[in-house]
Amino acid sequence: MRVAIAGGGLAGLACAKYLVDAGHTPIVYESRDVLGGLVAAWKDADGDWYETGLHVFFGAYPNMLQLFDELGIRDRLQWKEHTLIFNQPDKPGVLSRFDVPDIPAPFNVITAIIRNNDMLTWEQKLRFALGLLPAIVRGQAYVERMDQYSLLEWLRLQGVDEKVNTDIFIAASKALTFINPEDVSATVPLTALNRFLQERYGSKIAFLDGSPTERLCQPLVDYIVAGGGAVHTRKPLKQILLNSDGTVQGFLLRGLDGAVDEVVRADAYVSAMPVDVIKALMPDPWKQLDFFQKMEGLEGVPVINLHLWFDRKMTDVDQLLFSRSELLSVYADMSNTCREYAHPDRSMLELVLAPAKDWIDQSEEAIIAATMKELERLFPHHLTGENPAKLLKYHVVKTPRSVYTAAPGRQACRPDQATPIANFFLAGSYTMQRYLGSMEGAVLSGKLTAQAIVNSPLADTPVSRDRQPVAVGSQM
Ligand SMILES: Cc1cc2nc3c(=O)[nH]c(=O)nc-3n(C[C@H](O)[C@H](O)[C@H](O)COP(=O)(O)OP(=O)(O)OC[C@H]3O[C@@H](n4cnc5c(N)ncnc54)[C@H](O)[C@@H]3O)c2cc1C
């Protein structure tokens, strides 16, 4: 079966990969000249990489890890010490660690929390643990029902101390969703916490050893092409053409640089584009359907990714850090964490600015000036005093609409991968799967889309029989 996929992010590429495995022929059409979508990266004139987002992988990413194995690139993940590290706002430059011992879950995470005495008192820890109990005991079904509350509302309902919110959950919420606990659905951090509490290495973090475009997307492309599929860049979907019965007749691709538009036809069609784009391209007759109407409740959240090169080493920490500052979310010194970005004498700090709604339209100069002000509190020894570190250069990557905004009530808006249109499917981390707006979610969604296509009546043609089933890893 020939399958046309619009969108060459992780979801579109994973979908194509699993269709190849099942013996089908996917053709990916990506609008930009670079693959990867939210993991896309570029090289500047000096040969330095800069990225759409600072990305880390977790031990609790079964589908992503399986994909690395299947592509034969598992050694590209650089696993770090099992620890979560937070800045302390009231003690500039001082870090607080949650070191996770190598013992079975959930005792490893519980021990890490008990051992950390910088951030929470015993009473706060106890009330936090009691508040979490229903999520642990009643499992994911309970966690899903909590989508009606914001995280802050849920913490208050559970009687958890406000300090747990300010010390832990603002940082977690900003890191996971780029919004604050008063705006984020309780389901999101509870889902992540449940994973971390159930798997021994669930919260262990890995960095890729280079840019995601080169180190992850390219092996996917090579695999797809070797399996008979194709991946094209600079091929934006302009319109979804319909048959009289409302099914897809073809994808109309916009011709760039004076080229004429072209129509591509296939047996099945997939949108692996961001939710805001498919909403804009939705054919009018489909808008009447409840399935597609619900998607109106989803939209991408703004976020900004920053890269700052300094004339010296700012830190020797080889791990992700939670800044716990007003403007910034997580950051890392990529000259320590990533083999290809390594430098013995200079730091490249990669930082996520979130929530970004008040900053997305500001100038790069204003964003960098405000960031440098915050960095003075994170690195007081290097950025204040007589001989402060010099900022050599920077890159600012703004994404006005990134992953779906994980506000309360959004779970019900997330569509299935199979749609009411017989030959049309959706992939993307916003579609319904357990891993929320993450790389794991994108890969799992692509796999589920491939499975939905393979299991659909479309695949039940003479040419499509005797195909391999698509093996879907753990959904949880
Ligand atoms: C700053 C930042 C940090 C992040 N950090 C992490 C992290 O640490 N860990 C983690 O797991 N996840 C992280 N994420 C989330 C993760 O990157 C996303 O969930 C995932 O990459 C989404 O993949 P996707 O394929 O669903 O969507 P996208 O990556 O958005 O892919 C959609 C693709 O469709 C293309 N497209 C758009 N319009 C058209 C058109 N008309 N025709 C054809 N193609 C089109 C786009 O160019 C894009 O390539 C982060 C995201 C950001 C922005």
Side-chain angles (χ1 to χ4, degrees), residues 4-16 27-41 50-58 60-61 63-65 174-178 192 205-208 212-213 216-217 220 231-240 251-254 256 264 269-281 300-307 320 328-332 337 350-354 356 396-404 406 414 417 426-431 433 435-446 448-449:
I5 301 172
L10 287 179
L13 294 174
C15 178
I27 301 111
V28 178
Y29 301 100
E30 162 59 41
S31 59
R32 301 197 293 178
D33 57 4
V34 59
L35 292 165
L38 295 179
V39 304
Y50 59 103
E51 311 179 328
T52 313
L54 167 59
H55 279 86
V56 296
F57 300 75
F58 286 98
Y61 277 7
N63 296 284
M64 183 57 104
L65 300 185
K174 277 166 56 133
L176 287 169
T177 60
F178 315 134
I205 289 174
F207 284 70
L208 200 55
T213 314
L216 176 55
C217 296
L220 272 163
V231 180
H232 303 291
T233 52
R234 305 189 77 245
K235 294 280 181 192
L237 177 65
K238 180 180 172 185
Q239 196 186 340
I240 300 173
F251 273 175
L252 179 67
L253 305 178
R254 186 185 303 282
L256 297 179
V264 292
Y269 298 85
V270 177
S271 164
M273 303 179 295
V275 67
D276 301 282
V277 179
I278 179 61
K279 274 166 55 184
L281 292 180
V301 64
V303 66
I304 301 173
N305 202 49
L306 306 166
H307 312 71
L320 184 78
L328 302 169
S329 171
V330 283
Y331 67 99
T337 56
E350 189 166 340
L351 312 105
V352 178
L353 189 160
V396 176
V397 182
K398 296 180 178 179
T399 307
R401 285 164 186 256
S402 68
V403 292
Y404 77 95
R414 297 175 67 195
Q417 289 75 29
L426 296 170
S429 65
Y430 72 90
T431 62
Q433 40 73 27
Y435 288 90
L436 315 162
S438 65
M439 293 186 286
E440 169 71 7
V443 167
L444 175 57
S445 79
L448 291 171
T449 310

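First listed ligand is number 1; within each ligand, the first listed atom is number 1. These numbers come from a predicted model, not from an experiment. All residue numbers in this chain count up from 1 along the given sequence.
The proximity of Val403 to ligand 1, defined as any non-hydrogen pair under 4.0 Å, is limited to the side chain. At a 4.0 Å heavy-atom cut-off, ligand 1 does not touch Ser445 at all. Contacts with ligand 1 closer than 4.0 Å are made by no heavy atom of Leu35, backbone or side chain. Heavy atoms of Phe58 found under 4.0 angstrom from ligand 1: none, in either backbone or side chain. Under 4.0 angstrom from ligand 1, the non-hydrogen atoms of Arg32 all belong to its side chain. Of all the heavy atoms of Tyr61, the ones lying under 4.0 Å from any atom of ligand 1 belong exclusively to the side chain. Counting heavy atoms under 4.0 Å from ligand 1, residue Val277 touches it through the side chain alone.
In this comparison of Leu253, Leu320, Thr52, Val56, the heavy atom closest to atom 7 (C) of ligand 1 sits on Val56. Relative to atom 44 (N) of ligand 1, the option among Ser31, Ala280, Ala14 with the closest non-hydrogen atom is Ser31. Closest heavy-atom approach to atom 13 (C) of ligand 1 within the set Gln239, His55, Lys235, Glu51: this belongs to His55. The residue from Gly9, Ala332, Ala354, Gly441 that puts a heavy atom closest to atom 33 (C) of ligand 1 is Gly9.
Nearest heavy-atom pair, Leu10 versus Cys217, reported as atom, atom and distance to 0.1 Å: CD2-SG, 4.5 Å. When all heavy atoms are compared, the tightest approach of Met273 to Tyr430 is O-CE2, 3.7 Å. Closest approach of His232 and Lys235 over heavy atoms only: CB-CG, 3.7 Å. Annotation for Gly12 and Ala272: closest pair CA-CB, 3.4 Å, computed over non-hydrogen atoms. Here the closest heavy-atom approach between residue Leu13 and residue Gly8 is recorded as CD1-O, 3.7 Å. Smallest separation of non-hydrogen atoms from Ala41 and Val34: O-CG2, 3.8 Å.
For the pair Tyr50 and Val396, the minimum side-chain heavy-atom distance is 4.5 Å or more. The closest side-chain heavy-atom distance from Ile205 to Phe58 is below 4.5 Å. Within the 4.5 Å cutoff, no side-chain heavy atoms of Gln417 are placed close to those of Val270. Taking 4.5 Å as the limit, some side-chain heavy atom of Ile278 sits within range of a side-chain heavy atom of Ile240. Two residues are said to be in side-chain contact when any heavy atoms from C-beta on lie closer than 4.5 Å; Ile27 and Ile5 fail this criterion. By the 4.5 Å heavy-atom criterion applied to side chains, Asn305 and Glu350 are counted as neighbours. The shortest side-chain heavy-atom distance between Phe207 and Leu320 falls under the 4.5 Å cut-off. Residues Leu448 and Thr431 are not in side-chain contact: their nearest non-hydrogen atoms beyond the backbone lie 4.5 Å or more apart.
Ranking protein heavy atoms by distance to atom 1 (C) of ligand 1, first place goes to Gly53 CA, 3.4 Å. In this structure, the protein non-hydrogen atom closest to atom 25 (O) of ligand 1 is Ala11 N, 2.9 Å. Protein heavy atom closest to atom 29 (O) of ligand 1, with residue, atom name and distance, is Leu38 N, 2.8 Å. The protein heavy atom nearest to atom 5 (N) of ligand 1 is Leu54 O, 3.1 Å. If you check which protein heavy atom lies closest to atom 37 (C) of ligand 1, you get Pro274 CD, 3.5 Å. The closest protein non-hydrogen atom to atom 22 (C) of ligand 1 is Ser429 OG, 3.7 Å. The single protein non-hydrogen atom nearest to atom 49 (O) of ligand 1 is Glu30 OE1, 2.6 Å, given as residue, atom name and distance. Counting only heavy atoms of the protein, atom 40 (C) of ligand 1 lies nearest to Met273 SD, 3.4 Å.
The Gly36 neighbourhood of ligand 1 comprises atoms 29 (O), with distances under 4.0 Å to a heavy atom of that residue. If you number the atoms of ligand 1 from 1 as listed, the ones under 4.0 Å from a heavy atom of Val39 come out as 17 (O), 21 (O). Close approach to Tyr29 involves these atoms of ligand 1, each under 4.0 Å from a residue heavy atom: 43 (C), 44 (N). Close approach of ligand 1 to Gly437 is summarised as follows: ligand atoms under 4.0 Å from at least one heavy atom of the residue are 15 (C), 19 (O).
Backbone and side-chain nitrogen or oxygen atoms of Gly37 are examined, and one is located within less than 3.5 angstrom of a nitrogen or oxygen of ligand 1. Annotation: Pro236 places no N or O atom under 3.5 Å from an N or O atom of ligand 1; distance criterion only. At least one N or O atom of Met439, backbone or side chain, sits closer than 3.5 Å to an N or O atom of ligand 1. The shortest N or O to N or O distance between Asn305 and ligand 1 is not below 3.5 Å. Residue Ala442 has no N or O atom closer than 3.5 Å to an N or O atom of ligand 1. Note: an N/O pair closer than 3.5 Å links Leu237 and ligand 1 by distance alone. For Gly428, no nitrogen or oxygen atom sits less than 3.5 Å from a nitrogen or oxygen atom of ligand 1, counting backbone and side chain alike.
In this view, Ser429 and Val403, Gln433, Ala442 satisfy the side chain to side chain contact (heavy atoms under 4.5 Å, CB included) rule, not counting sequence neighbours. Scanning for salt bridge (charged side-chain N to carboxylate O under 4.0 Å, His left out) contacts around Lys238 gives Asp261, with sequence neighbours left out.
For atom 27 (O) of ligand 1, no protein heavy-atom neighbour is found at a distance under 4.0 Å.
In this structure, CG on Leu38 lies 11.5 Å from OG on Ser438, to the nearest 0.5 angstrom.
Judged by the shortest distance from any of its heavy atoms, Tyr435 lies outside the 4.0 Å radius around the atoms of ligand 1.
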Verdict with supporting geometry, Thr213 and Glu51, side chain to side chain contact (heavy atoms under 4.5 Å, CB included): CA-CA 9 Å; Thr213 314; Glu51 311 179 328; over 6 Å; no

